[in-house]
Amino acid sequence: MENMLKGKNIIVGITGSIAAYKSQLLVRELVKEGANVNVIITPSAEKFVTRLTLENLSRNPVIVEMFSESVQSGGAWHIHKSHECNLMIIAPCSATTLGKLANGICDTSLVAVATALPNEIPLLIAPAMDSTMWLNPATQKNVKFLDEIGVVIIPPEEGDLSSGFTGPGRLPELNVLMDYIKIVLSEKKARIPGYTKKPGKFDFSQNAKITDEDIENAVEKPLLSIDERIENDKWNAELELTKMKQDFSGISKVDFLKGKTILISAGPTIEKIDDVRFISNFSSGKMGFALAKIAHELGADVILVSGPVSIQTPEGIKRIDVESADEMYDSIMNEFYKCDIAIMAAAVADYTPINPYKGKLKKTVVGEKLTVELQSTNDILSTLGTDKREDQTVVGFALESIDEIENGWKKMKAKNCDMMVVNTINKPKSGFRGDENTITILKKDGTQESFPPMSKTACSLVILKRIIED
Ligand code: CTP
């Protein structure tokens, strides 16, 4: 590939990003290797680099304004420029310019030239911005689209950002940019859809069949590092999570639970004091319903036994409604024998009134004090743990307020579960009602894995993946 740049016409586009200083080195390097370099910058780029420096380095006039007199060449100069070059690279490319490129908004000379590039001329884009902007779904949508139409995306690197945060968004170093330019110039094709696709990480193709390996990449690797980092760097954990959620966007294509029947309990139970009053808890059912939905999407046949909740039944799921712990016990026992996996996410009442009053208790009859005698309910999970066959997996949830992990292990042992998902009521994004949960998974091989706060959907994915691994 030596000297392959000699005599090549290269357009270097620069947009408004702190990384623009690196493009000056890129221009110098290209010129050093014999290329004829034309630089086009956006007005925002001028806030970071000067026209004078770039003109000196490129030895050519720098173009900024679309309609400035100096660039007019008797008509459509942008068309001529784009047709005359051998390759165009935009580095750094801001989120704004990405958006314009993906939508054909040619209000800068840079986007006008890039949009006018004929198909046989390669366009390389090196996005660089803060992680939040890079991970924003709008940016990702634009990148995905550009990737699909054959623009070569040079993925941003992870590391320290000018904002002070750490994450994906850095413009790669000069040698990486140079390698991309040379490799693309040596390719036979100019537009190469999916060229920079890296499974799990930069997989922009929503229609791609996601393999088990992709899930490993998406879930396991980031989560392990999140786990390590969460204590001292909350920001990173959030970023990794956003990324993970994006990586899971095509999860419904995976069917690693195909052929399995999964029984899930969800929601609270209500234990009647009389015909109008009951004892219950704050469970919303969101965790159990998320598990049911994801298990179904992953190919399982799902039976969902739910206490009273106001959530719609996810499509394709058999739902059995119950009210009391007793009814939940009966329904679960009826279904358990046909299931491969049982996940008990319900917050079952531990006690129920011994003699619920028929009708409505009257104050005039009860007086100042009301004593309701309670008796313990059947422990459904314990019964499953005792009754389970060799081929059945039983998973419990442990909701704790103190010594979570220690109590979780005790509960797991006492109820003979294969796996226990511990959550706490003491953390903000954990336990009942919210859309997120903070879980630790305890496995029967004695290992435990803690996760940062995640949506209940993401928690469900992780839980189901871990069950299948065992
Ligand atoms: N569970 C059950 N039947 C019950 C009580 C609980 O199946 N009668 C299940 C829950 O669905 C959950 C697990 O047991 O999977 C643990 O529930 P949790 O409320 O955390 O613990 P308890 O066993 O009720 O113990 P404690 O309230 O003392 O923590």
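We count ligands from 1, going down the list as the structure has it; atoms in each ligand are counted the same way.
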Within residues 335-353 or reaching into it, pairs that qualify as salt bridge (charged side-chain N to carboxylate O under 4.0 Å, His left out) - sequence neighbours excluded: K318-E335, E335-K338
D391: partners by side-chain hydrogen bond (donor to acceptor under 3.5 Å, both in side chains), with sequence neighbours left out: R389
Check ion pair K272-D274 (N to O, under 4.0 angstrom): no
Neighbouring residues of ligand 1, heavy-atom cut-off under 4.0 Å: M344, A346, V348, A349, D350, T377, N378, D379, I380, L381, G396, F397, A398, L399, K411, K415
Under 3.5 Å side-chain donor-acceptor pair for E271 and T269: yes
Residue list, side-chain contact (heavy atoms from CB on, under 4.5 Å) with T383, at least two apart or on another chain: Y329, M333, D387
Residue pair D326 / S324, side-chain donor-acceptor N/O under 3.5 Å: no
